[in-house]
Amino acid sequence: VSSSGDGVTRLLCKEISDASPRGIASTLTRLIRRGDLPPGTRLPTIRELAGRIGASPTTVNAAWRLLREARAIETNRRGGTIVVGAPQPPRPQRFEGLLPFDRGDFALDLSRIVPDPALLPDLDDALAWARSQPDVNTYAPATIIDPLRTHAAAAWPFTAESFLVVNGGYDALALLARGLLTSADAVAVEEPTSPRLLDIIDAIGAEAVPVGCDSDGPDPAALMAALRVQPTAFIYQTRAQSPTGHSVPPDRITDLAKVLADTDVAVIENDSQPGIARSPAVSIGSLMPERTAHVRSYSKSHGPDLRIAIIGGAARLVHRAGLLRSFDAGWTSRLLQGTLAYLLADPVAIDRVEHAGRTYASRRELLTAALAARNIHTASRDGMGVWLPVLSETASVAVLASKGVAVQPGGRGFLSPQTGGFIRVSASRLVDGYDEIAEWIAAAHNCTWT
Ligand SMILES: Cc1ncc(COP(=O)(O)O)c(C=O)c1O
């Protein structure tokens with residue numbers, strides 16, 4: 001760390017022409033980007049700089065806050081402030097670092113809970129129908145086209161005041177979270193959860209507070225404990241949870257609603273495998289519709305390239321998410337909405353999705369049974385994958401990688417420190433070879449680094 005020589009202070013005095021918080025922050029940003037204040041440079045104290053540029057300490061403090069939020073400077077425990085680097089827009093750090101390898105290098109990629117293309121419904125007739133609809137290519141935003149609204153209203157696990165179609169499940173979660181949370185909010189999140197959700201919360205700057213899960217989903221006692229930080233929202237998945245595969249039974253929904261009863265915490269629910277999950281649709285919205293937003297993504301059941309999820313629930317939550325769309329896509333293509341609407345009403349497509357759901361369950365069961373035959377007992381829960389505790393996550397991932405098999409390490413889905421680790425193995429595209437794969441997983445399971 002360079003010392004805060006008088007040189008730094010002199011440079012700042014010379015360069016700062018606008019002594020407002022924004023003016024000071026912009027000057028520092030420019031100097032950092034230009035390399036005049038390299039990472040590690042110690043900045044003068046707030047009081048010292050304020051005195052030298054004729055501003056109040058409050059003003060310099062406000063500038064420091066802007067720079068801290070942009071991750072350009074850091075104040076250490078002793079109160080010294082140091083340049084970290086050029087201001088950085090948020091990045092999805094957990095997602096970027098999820099796999100310590102390139103998926104393309106693997107003979108067998110079991111790291112992703114993705115549909116088997118051979119099990120998806122055929123799109124030809126659906127696309128032709130969608131293309132023929134009279135309002136295609138009109139410029140009015142299509143919040144949700146009528147046939148999709150009719151389907152959603154009948155299929156939703158509660159009476160939703162409002163519906164909105166967006167571009168996939170994570171788009172839905174990001175819009176709902178951004179509509180509700182700021183860096184001054186805390187949010188209760190089930191643990192483990194999907195790393196991408198944690199990235200979304202980090203990018204907003206909200207504080208994520210973990211709510212531990214058991215085999216029935218979020219633990220009501222853990223949710224109660226999380227209420228101590230007064231979260232604005234609670235986010236969880238209802239079925240075929242990623243990564244663990246659990247589905248929340250109706251009596252757990254009742255218990256979670258009881259915990260939330262005397263609060264005004266909003267509930268954001270994610271159902272990422274409707275039609276595929278074998279458990280029934282549930283929702284806290286059946287008890288608290290006025291504060292629940294429920295997301296269904298059709299990527300796993302009907303096709304990832306439809307890029308469609310529906311948000312349905314309390315109007316105030318859905319509308320806030322919808323307003324944010326004026327910052328980006330505006331609306332979701334009527335061609336894609338129409339394609340999904342056709343598939344949801346078509347008996348052939350309905351049968352096909354049901355067949356896919358049964359097939360994924362049977363693949364998951366076959367993998368679980370092959371593991372059990374090798375003394376690795378894990379509950380086959382729901383959805384497309386298997387979640388396994390291992391002695392060392394890194395060692396297990398590496399041992400399987402040496403066999404050409406990619407699996408997903410579980411650690412990045414946790415907020416709390418864990419002992420040992422987990423791997424998630426997708427069975428969604430496994431059509432054979434269960435014994436061989438179970439053999440490799442068994443070998444990886446007890447490995448540690450020596
Ligand atoms: C937890 C979770 N939610 C939602 C989705 C669906 O996301 P999208 O529709 O954006 O592909 C996925 C897919 O991987 C998921 O794992």
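First listed ligand is number 1; within each ligand, the first listed atom is number 1. As a basis for the values below, the full set of heavy atoms in this structure was taken, side chains included, without hydrogen atoms, waters or symmetry mates.
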Geometric N/O contact Asp171 with ligand 1, under 3.5 angstrom = no
task = Might you work through the side chain to side chain contact (heavy atoms under 4.5 Å, CB included) test for Asp199 and Arg412, ending with a clear yes or no?
result = CA-CA 10 Å; Asp199 280 340; Arg412 279 165 200 263; over 6 Å; no
ask   = Any side-chain heavy-atom pair from Ile437 and Leu108 closer than 4.5 angstrom?
value = yes
query = Parallel, tilted or perpendicular: which fits the ring planes of Trp387 and Phe422, with parallel below 30° and perpendicular above 60°?
reply = parallel
ask   = ligand 1 and Tyr170, any nitrogen or oxygen pair closer than 3.5 angstrom?
value = yes
ask   = With only distance considered, is Arg196 within less than 3.5 Å of ligand 1 through an N or O on each side?
value = no
message = Please list, in number order, the atoms of ligand 1 under 4.0 Å from a heavy atom of Gln237.
response = 1 (C)
Polar proximity ligand 1 side, Ser194 side, N/O cut 3.5 Å exclusive = no
query = Side chains of Thr332 and Arg325: is there a donor and an acceptor less than 3.5 Å apart?
reply = yes
Polar side chain donor-acceptor pair, Arg364 to Ser380, under 3.5 angstrom = yes
message = Looking only at protein heavy atoms, which one is nearest to atom 6 (C) of ligand 1, and what is the separation?
response = Ser297 OG, 3.5 Å
query = At a 4.0 Å threshold, what atoms of ligand 1 neighbour a non-hydrogen atom of Arg307?
reply = 8 (P), 9 (O), 10 (O), 11 (O)
ask   = Among protein heavy atoms, which sits nearest to atom 4 (C) of ligand 1, and what does the distance come to when rounded to 0.1 Å?
value = Ser272 CB, 3.4 Å
query = Side chains of Gln418 and Glu393: do they bring a donor and an acceptor to under 3.5 Å?
reply = no
query = Taking non-hydrogen atoms only, is Lys300 closer than 4.0 angstrom to ligand 1 via side chain, backbone, both or neither?
reply = side chain
query = side chain to side chain contact (heavy atoms under 4.5 Å, CB included) between Val187 and Asp185: does it pass, once the steps are laid out?
reply = CA-CA 7 Å; Val187 54; Asp185 289 276; over 6 Å; no
remark   = Closest to atom 8 (P) of ligand 1 by heavy-atom distance, out of Ala309, Gly169, Ser242, Gly383, is Gly169
note = Going by the 4.0 angstrom heavy-atom rule, the piece of Gln241 near ligand 1 is neither
ask   = For residues Ser333 and Arg307, is any side-chain donor paired with an opposing acceptor at under 3.5 Å?
value = no
inquiry  = Between ligand 1 and Arg112, can you find any atom pair, the residue atom being a heavy atom, that is separated by under 4.0 Å?
reply    = no
request  = State plainly whether the residues Arg381 and Glu365 are in salt-bridge range, i.e. N to O under 4.0 Å.
outcome  = no
inquiry  = Contact between Pro218 and Leu256 at the side-chain level, heavy atoms closer than 4.5 Å - yes or no?
reply    = yes
query = Numbering the atoms of ligand 1 from 1, which are under 4.0 Å from a heavy atom of Ser299?
reply = 8 (P), 9 (O), 11 (O)
inquiry  = Can you name the atoms of ligand 1, numbered from 1 with element, that are less than 4.0 Å from a heavy atom of Gly168?
reply    = 9 (O), 10 (O)
query = Under 4.0 Å from ligand 1, counting heavy atoms only, is it the side chain of Asn270, its backbone, both or neither?
reply = side chain
